[in-house]
Amino acid sequence: MRYLWTGVLSALCLLALVSAAAALFAGVTWGLTAFIVGVLLLLGWHVHNLIRLVMWSREPIGTPVPRAAGSWGQVFAELNRRSRVSYDMRERLSSALERFHDASQAMPDGVLYLSDSDTIEWINLKAEQHFGLDHTRDIGAPVTNLVRQPEFVHYLQAGKHDEPLIMTSGRRSGLTLQVQIIPFGDDQQMVLSRDISQLERLETMRRDFVANVSHELRTPLTVIGGFLETLVDGLDDYEREDVMRFLRLALDQSSRMGRLIDDLLTLSALETGAPAPAEEKIDVAALMQEIHEDTELLSAGRHTVTLQMEGDGVLLGSGKEIHSAFSNLASNAVRYTPEGGKIDLVWRVDAQGAEFSVRDTGIGVDPIHIPRLTERFYRVDRGRSRETGGTGLGLAIVKHILTRHQADLRVSSKQGEGSVFSVRLPPARLMALPAR
Ligand code: ADP
């Protein structure tokens, strides 16, 4: 403020001095004229600077303030400083807003802001996908006009938002959403949506698994219970031979239950936190020899079983698990190949790693079943699997073991002609592979 007063007073002093000098040397009239001209010039200068100020205030924010001399120069400098501070603040605010916007857009959950009258104020990309909305079209529209599922409308209007709502998306099939409403500000609400389809699928799988296990265990248990009941009710009515037959059948069922429980335990150990496979050095030639002998033993002369080795070497992994996976495939070939069929076990090493294949001339599988063969309890022919002592878990175990060894299973098959189950192992799992 002081500089303004100083400026005005110095201008007035100068004017008074010039006017007094004019009056002294040229007479009072000239003194008065000089004073009036001086006042008019001063006024004109002030009006000119005021106009510049008004013009500047109409320019876009951030335009530099004009320059001027004297007290106006000070005023403009002060304005310039303030305008720079407020411009910087605006910039900081808008970049913070932009960052918030970008972060909200990148969120894995959907976010939707609703006004006090439940119209959409802001929406992120995920919420657009979850609810099938479009921010360019739907901002300002009542949310219940666009998300019309009765459970959502009821949840929004009931006002009890302690528990989230689980709903299926009306716009995308197979999408299950967990929706939570959070009130904030003056009667505003935030709607958070999360895609829980994967969790729901896992939960369904878990339920199916429990139902399957219960069913698989109940069947042999019912048979065993039936035999025992028959014997308890009338042991004396049966010949010793019949009793022995019942007992043998009951024993078969109990071994089936034992196998099922063993497979379930193996699967659970593989699935739940079992440590990564030990990096044992598995001698491939010895392993193949062992699998070949086991397969011949299982076949008991009903099939021709051959072993072909195209390269050998050392495999890195868990010896027990690899043996279990390979022999599972070989035993499936025996079980699903009618008598007189041929089973070839092939080990081949190439530039992409190594491959263990089991080829059979058995009953084969319709290709539509192939993608599901490694699901737990999935069987193409339930009766045949049971007859041959299957649990429906073999290929699920194989898949787990292979995944733990970064390997994968490829199946090709033709119904009635036979199948090839191949395991592809990555080069990192192989050591010392002398070319033959
Ligand atoms: P299972 O104990 O029933 O054999 P698996 O998980 O080992 O269970 O196999 C799943 C299903 O895949 C089997 O029920 C069978 O229908 C099919 N399958 C597996 N291997 C063969 C094969 N070599 N030839 C034909 N079908 C097979």
Side-chain angles (χ1 to χ4, degrees), residues 205 208-209 211-213 215-220 252-271 291-292 294-296 298-300 302-307 321-346 355-404 407-424:
M205 270 171 69
D208 287 353
F209 181 66
N212 273 324
V213 170
H215 176 77
E216 293 290 332
L217 286 174
R218 205 179 50 199
T219 314
D252 278 354
Q253 295 299 322
S254 87
S255 4
R256 187 175 144 201
M257 283 174 76
R259 270 197 309 278
L260 183 64
I261 288 167
D262 283 348
D263 277 0
L264 282 171
L265 288 174
T266 309
L267 202 57
S268 134
L270 288 170
E271 278 178 344
I291 305 257
H292 184 208
D294 291 351
T295 313
E296 281 194 313
L298 194 68
S299 157
R302 287 173 296 136
H303 311 95
T304 313
V305 185
T306 69
L307 171 64
E321 290 184 15
I322 292 286
H323 181 273
S324 155
F326 287 10
S327 56
N328 230 309
L329 297 179
S331 82
N332 274 356
V334 172
R335 289 168 47 228
Y336 295 105
T337 302
E339 198 165 342
K342 193 163 182 289
I343 297 166
D344 300 320
L345 310 173
V346 183
E355 188 174 80
F356 169 67
S357 310
V358 181
R359 263 189 244 135
D360 67 51
T361 55
I363 60 170
V365 189
D366 186 327
I368 57 160
H369 295 288
I370 291 178
R372 299 196 59 191
L373 289 185
T374 54
E375 283 177 24
R376 295 176 293 193
F377 296 115
Y378 189 84
R379 287 126 153 173
V380 177
D381 178 348
R382 197 166 277 271
R384 171 124 200 169
S385 160
R386 286 230 182 89
E387 263 170 42
T388 57
T391 60
L393 295 173
L395 290 182
I397 293 174
V398 170
K399 175 145 182 252
H400 269 284
I401 294 176
L402 298 188
T403 306
R404 283 155 64 79
D408 48 50
L409 180 68
R410 293 172 196 175
V411 183
S412 64
S413 188
K414 226 172 183 184
Q415 211 169 2
E417 290 188 18
S419 318
V420 186
F421 284 73
S422 307
V423 174
R424 273 229 66 97

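When a ligand or atom number is given, it counts from 1 through the structure's own listing order.
The side chain of Phe421, and not its backbone, has at least one atom closer than 4.0 Å to an atom of ligand 1 (non-hydrogen atoms only; side chain from C-beta on). Residue contacts with ligand 1, taken as heavy atom pairs separated by less than 4.0 Å, involve Arg335 solely via side-chain atoms from C-beta onward. Of the heavy atoms in Asn328, none comes closer than 4.0 Å to ligand 1.
When only non-hydrogen protein atoms are considered, atom 23 (N) of ligand 1 lies nearest to Asp360 OD2, 3.0 Å. In this structure, atom 7 (O) of ligand 1 lies nearest to the protein heavy atom Asn332 ND2, 2.9 Å. Looking from atom 3 (O) of ligand 1 to the surrounding protein, the closest heavy atom is Ser385 OG, 2.5 Å. In terms of protein heavy atoms, atom 26 (N) of ligand 1 is closest to Val365 CG2, 3.3 Å. Of the protein's non-hydrogen atoms, the one nearest atom 27 (C) of ligand 1 is Tyr336 CD1, 3.7 Å. Nearest protein neighbour of atom 17 (C) of ligand 1, counting heavy atoms only, is Leu373 CD2, 4.0 Å.
Taken to the nearest 0.5 Å, the CZ atom of Phe326 stands 14.0 Å off from the OG atom of Ser331. A distance of 10.0 Å separates CZ in Arg359 from CG in Leu345, rounded to the nearest 0.5 Å. Considering CD1 of Ile397 and NE2 of His400, their distance stands at 9.0 Å, rounded to 0.5 Å. Summarising the geometry, atom CZ belonging to Phe356 is positioned 10.5 Å from atom CG belonging to Leu402; distances are rounded to the nearest 0.5 Å.
Arg376 has a carboxylate O that lies under 4.0 Å from a charged side-chain N of Glu271, or vice versa, which qualifies the two as a salt bridge. Lys399 and Glu375 are not joined by a salt bridge, as no carboxylate oxygen comes within less than 4.0 angstrom of a charged side-chain nitrogen.
Qualifying ring-ring contact (aromatic ring centres under 6.0 Å, His included) partners for Phe421, counting only residues two or more places apart in sequence or in other chains: none.
Nearest heavy-atom pair, Pro338 versus Gly362, reported as atom, atom and distance to 0.1 Å: CD-CA, 3.8 Å. Closest approach of Asp294 to His323, counting heavy atoms only: OD2-NE2, 3.6 Å. For the pair Ser419 and Ser413, the tightest heavy-atom approach, listed with the atom from each and the gap, is OG-OG, 2.9 Å.
Of all atoms in ligand 1, listed by their number and element, those nearer than 4.0 Å to a heavy atom of Arg379 are 3 (O), 14 (O). Near Thr391, meaning under 4.0 Å from any of its heavy atoms, are these atoms of ligand 1: 2 (O). Atoms of ligand 1 found under 4.0 Å from any heavy atom of Gly390 (numbered from 1 in listed order, with element): 2 (O). Using a 4.0 Å cut-off to heavy atoms of Ser419, the atoms of ligand 1 that qualify are 24 (N), 25 (C). Each of the following atoms of ligand 1 lies closer than 4.0 Å to a heavy atom of Gly394: 5 (P), 6 (O), 7 (O). Per-residue contacts place Tyr378 under 4.0 angstrom from the following atoms of ligand 1 (heavy atoms of the residue considered): 10 (C), 11 (C).
For Leu395, a nitrogen or oxygen atom sits less than 3.5 Å from a nitrogen or oxygen atom of ligand 1, counting backbone and side chain alike.
A heavy-atom separation below 4.0 Å is not found between Arg382 and ligand 1. The shortest heavy-atom distance from Gly392 to ligand 1 is under 4.0 Å.
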Next item on the list: Before giving the answer on side-chain contact (heavy atoms from CB on, under 4.5 Å), spell out for Glu216 and Arg256 the whole-Å C-alpha distance, their side-chain angles and the decisive distance to 0.1 Å.
Entry: CA-CA 10 Å; Glu216 293 290 332; Arg256 187 175 144 201; 3.7 Å; yes
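Nearest-residue assignment for atom 16 (O) of ligand 1 (options Leu393, Asp366, Val380; heavy-atom criterion): Val380.
Partner of Leu393 under the side chain to side chain contact (heavy atoms under 4.5 Å, CB included) criterion, out of Asp262, Asp263, Val213: Asp263 alone.
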